[in-house]
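Quick notes on the structure that follows.
First listed ligand is number 1; within each ligand, the first listed atom is number 1.
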Amino acid sequence: MNITPDSFSDGGKLFRQGPDLDAVRRRADQMVADGAALLDIGGESTRPGAAPVSEQEELDRVIPCVEVLAELPVTLSIDTSTPVVMRESAARGAGLINDVRALTREGALDTAAQLGLPVCLMHMRGTPQTMQDNPRYDAVVEEVKAWLLARVDACVAAGIARNKILLDPGFGFGKTLAHNLALLDGLPGLAATGHDLLVGLSRKSLIGKLIGRDVEERLPASLGLAVLAAERGARIIRTHDVRETADALAMVTALADRGSAGE
Ligand code: 8Y4
């Protein structure tokens with residue numbers, strides 16, 4: 001759930017008084033009813049070129065939502081790079097830190113370690129402002145994996161338990177179509193690190209580039225990618241379309257759970 005003015009139909013005018021908490025709650029209830037195991041809540045827009053948000057603005061957007069959603073029977077994941085947002089969210093029951101900057105911001109590593117929460121480390125090349133300006137890699141899969149494992153080492157050195165560290169190659173974050181496709185191919189290699197893998201492919205522009213669909217027409221392709229990623233070792237799928245994705249993944253799980261006994 002993106003708690004930012006640009007994701008609201010009024011273009012942000014009503015948003016100045018803060019997020020519409022009734023609407024947030026209704027949307028969250030629906031996602032839980034549809035089968036979500038985690039809800040990811042973020043107050044910073046990370047779309048390419050988006051303006052940075054102040055700490056206070058991020059707190060004003062996120063914390064009221066955490067308070068409203070804390071009683072739900074799912075893990076609240078906080079999409080933030082900001083230590084004070086991590087702390088205030090954890091104090092209200094958040095259960096996961098999802099950081100697109102992989103705890104590189106000043107104080108983030110020590111804060112996450114102190115809080116003892118699991119963390120998702122995502123790879124991004126550059127910043128949201130610049131990341132899509134001609135990103136280049138020599139060998140994208142190897143570079144992303146090595147960078148993530150270096151962040152794991154930093155986390156472990158700061159006192160974060162290895163089994164609380166999830167990894168995410170960051171589809172669309174400083175990657176061309178070719179890079180994103182290479183990373184899809186490389187998912188089994190990332191899964192082989194032993195870390196739980198989280199991926200976000202839902203509605204992303206690689207779908208538009210590959211098969212020419214506008215963003216509101218990307219659900220079927222997103223479901224295909226979710227199944228593909230799960231088959232290649234992803235454990236958590238970040239999606240906008242919970243019910244449909246849960247059904248698609250239920251098929252993957254049902255087949256896997258059959259085991260080798262047959263039938
Ligand atoms: C259409 C719809 C086009 C959505 C682009 C987008 C990830 C993430 C985002 C991800 C992790 C997004 C916060 C981008 N993506 N966190 N966050 N992994 N861990 N773009 O892939 O959904 S926001």
Side-chain angles (χ1 to χ4, degrees), residues 1-4 6-8 31 36-50 52-53 58 61-62 65 75-82 85-86 89 94-105 108 112 117-129 131-132 144 147-148 151-152 164-177 179-180 183-184 186-187 190 195-223 225-226 228-230 234-242 244-245:
M1 302 182 72
N2 195 3
I3 315 297
T4 58
D6 51 308
S7 64
F8 283 73
M31 291 172 114
L38 300 95
L39 293 183
D40 192 40
I41 304 156
E44 177 200 16
S45 176
T46 49
R47 64 185 67 186
V53 63
E58 199 187 338
R61 292 175 183 179
V62 173
C65 298
T75 299
L76 290 188
S77 161
I78 310 302
D79 160 20
T80 190
S81 304
T82 312
V85 176
M86 296 174 190
S89 300
L96 175 73
I97 296 167
N98 172 33
D99 186 359
V100 299
R101 295 178 184 80
L103 305 177
T104 56
R105 221 175 235 176
L117 292 182
V119 298
C120 177
L121 305 177
M122 197 197 79
H123 177 274
M124 170 163 55
R125 170 68 59 88
T127 68
Q129 285 69 50
M131 63 187 180
Q132 291 308 103
V144 166
W147 188 88
L148 287 172
R151 295 308 301 156
V152 169
K164 288 188 175 176
I165 303 174
L166 292 75
L167 301 183
D168 180 343
F171 288 103
F173 287 85
K175 282 106 185 170
T176 64
L177 174 61
H179 297 142
N180 288 315
L183 288 167
L184 271 175
L187 280 181
L190 260 188
H195 290 273
D196 283 335
L197 235 54
L198 185 156
V199 301
L201 290 154
S202 176
R203 302 183 189 171
K204 283 192 177 174
S205 69
L206 79 154
I207 297 169
K209 288 172 187 155
L210 258 188
I211 64 167
R213 292 281 184 255
D214 290 338
V215 63
E216 64 278 9
E217 298 290 333
R218 292 178 187 166
L219 173 59
S222 298
L223 296 176
L225 287 174
L228 188 105
R235 295 264 295 139
I236 300 177
I237 306 291
R238 187 176 182 276
T239 182
H240 302 84
D241 304 286
V242 175
E244 294 86 349
T245 307

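Residue contacts with ligand 1 for R238 involve side-chain atoms from C-beta outward but no N, CA, C or O (heavy atoms, distance under 4.0 Å). With a 4.0 Å cut-off on non-hydrogen atoms, N2 does not touch ligand 1 at all. Contact annotation: for H240 versus ligand 1, heavy atoms closer than 4.0 Å belong to the side chain alone. With a 4.0 Å cut-off on non-hydrogen atoms, V215 touches ligand 1 through its side chain and not its backbone.
At the top of the distance list for atom 20 (N) of ligand 1, counting protein heavy atoms only, stands K204 CE, 3.8 Å.
The backbone N or O of S81 lies less than 3.5 Å from no partner atom in the side chain of R101, so there is not a single donor-acceptor pair. A distance-only check finds a donor-acceptor pair linking the side chain of Q132 to the backbone of G174 [under 3.5 Å].
Distances below 4.0 Å separate heavy atoms of L198 from the following atoms of ligand 1: 19 (N). Counting the atoms of ligand 1 from 1 in the order shown, those under 4.0 Å from a heavy atom of G200 are 21 (O). Counting the atoms of ligand 1 from 1 in the order shown, those under 4.0 Å from a heavy atom of D79 are 13 (C). Residue-ligand proximity, T46 to ligand 1, at heavy-atom distances under 4.0 Å covers atoms 23 (S).
Taking any N or O of N98, backbone or side chain, at least one lies under 3.5 Å from an N or O belonging to ligand 1. Polar contact with ligand 1: present for D168 (N/O pair, distance under 3.5 Å). Considering both main-chain and side-chain atoms, D40 never comes within under 3.5 Å of ligand 1 through any nitrogen or oxygen pair.
Residues D99 and M86 are in side-chain contact: their nearest non-hydrogen atoms beyond the backbone lie under 4.5 Å apart. Side-chain contact between T104 and R151 is present, with heavy atoms from C-beta onward closer than 4.5 Å. The shortest side-chain heavy-atom distance between L96 and V119 does not fall under the 4.5 Å cut-off.
Atom CG of D79 and atom CD of E58 lie 8.0 Å apart (nearest 0.5 Å). We find the CG-CD1 distance between L103 and I165 to be 8.5 Å, quoted to the nearest 0.5 Å. The structure places OG of S222 at 8.5 Å from CG of L206, a figure rounded to the nearest 0.5 Å.
For the 3.5 Å distance criterion, the side chains of R105 and T82 qualify, holding a donor opposite an acceptor.
Which of H123, R203, M122 comes nearest to atom 3 (C) of ligand 1 through a heavy atom is settled by distance: it is R203.
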